[in-house]
Every structure is written in C-alpha cells, then in structure tokens.
Amino acid sequence: MAAERTLIILKPDAVNRGLCGKVLARFEEKGFKIVGLKMMWLGREILEKHYAHLASKPFFPDLVGFMSSSPVILGVVEGRNAVEAVRNMCGVTDANKAAPGTIRGDFALSTSRNIIHASDSIETAKREISLFFKDEELYNYELNNKQFLYAGDELNR
Ligand code: UDP
Ligand code: MG
C-alpha cells in the first residue's frame, strides 16, 4: 500500500514574504518526504477548478485574484497520516486564531493571506494532486532514515 500523500500550495504571500524555505523546512523536519515540488503561476481556469466548492462565497473573487497575483510553490508531501497531520501543522483558516506553533499561527494574521493551502481529506488530496501534478512529476523513493522515523508496523502507512 502506498503511503498517504497530500498537496500543499505555498501561496503568493509566502513567496513574496520570503517564507517558502521556512515553511518547507517544517515538513522536512517533521519527517515527511517531499515527492513533488514545483513553481507555477496559476491562472483563473485552474484556480476555479481547485476552489470550485467556494465559487458562491463572497470572498471568491478576491481569493482567485490573490492566488493568481504571483507564482506559487506546489508540493506533494508523503508520510504517515499525511493529510490530517499536515492540516494540523498549518493551523485553522483564520491565521489570527491559529495556534502558535502552527504555520498560519506563526507567520500570518489574515483569514485570506494565510500562507499555505493543504488538502482537507484523502479524496480531496487525490483530486488536487492530479489537478496540479503529472504522474512523472511525482517521485517514488525511499528515505534512508525511515527506520528512525517509523516503527516497523507504521512503515508504508
Ligand atoms: N478564504 C478567505 N476568506 C474566508 C475564508 C477563506 O479569503 O472567509 C480563503 C483563504 O485563503 C482560505 C481559502 O479561501 O485558505 C480556502 O478556504 P477554506 O475554507 O477551504 O480554508 P482552508 O482549507 O484553506 O483552511
Ligand atoms: Mg480548504
């Protein structure tokens, strides 16, 4: 069974505030494996697909404008319980209320300009990863320290 994967997007505020390295470092330090990473300048069409469930919200035009205002960095992070664990590391949507120690809690103040997107379920993660990454842009490889990250029964979960 393949280990769980989730999509992260370092939003234009992370890029323009020079925070991408710090944010990516948190996932590396936690022990997650980065299996895909690239910069893209997202256009309206792909953003309208990605955020389709928010199309009727009043903040939707601002969200699409913000997310297309500069290039972003997209990553696919793999590891045990990656979807839930990465969301927890990000903190709640309103960065003002996000707990200290989370990415949003430490680096942002806003409900909108909140540094990072992370998939919210395993099904969403699959859909979002395939929206932004081709199969050949994702890498299957072993971390050579995995026995120090996982107990035997946790490997590949
Ligand atoms: N957003 C916003 N205003 C709001 C709620 C959300 O601008 O009142 C933006 C914000 O950038 C958020 C994104 O829309 O990250 C997606 O919203 P969602 O509710 O899915 O939050 P998330 O899953 O990112 O925590
Ligand atoms: Mg969401």
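Residue numbers start at 1 and run along the sequence shown. One-based numbering, in listed order, for ligands and for the atoms of each.
Listed by first then second residue, pairs satisfying side-chain hydrogen bond (donor to acceptor under 3.5 Å, both in side chains) with a partner in residues 27-39 read K33-E78, K38-E137, not counting sequence neighbours.
Inter-residue side-chain proximity for I46 and F132 is flagged as met; some heavy-atom pair is nearer than 4.5 Å.
Within 6.0 Å of atom CD in Q147, more than 12 heavy atoms from other residues, nucleotides or ligands are found, so the atom counts as buried in its surroundings.
Closer than 4.0 angstrom to ligand 1 sit non-hydrogen atoms from K11, Y51, L54, F59, L63, R87, T93, R104, T111, S112, N114.
In this view, F66 satisfies the ring pair (Phe, Tyr, Trp, His ring centres under 6.0 Å) rule with no residue, not counting sequence neighbours. Under the side-chain hydrogen bond (donor to acceptor under 3.5 Å, both in side chains) criterion, R127 pairs with no residue, sequence neighbours left out.
Looking at N114, its side chain never comes within 3.5 Å of a backbone N or O of S110 through a donor-acceptor pair.
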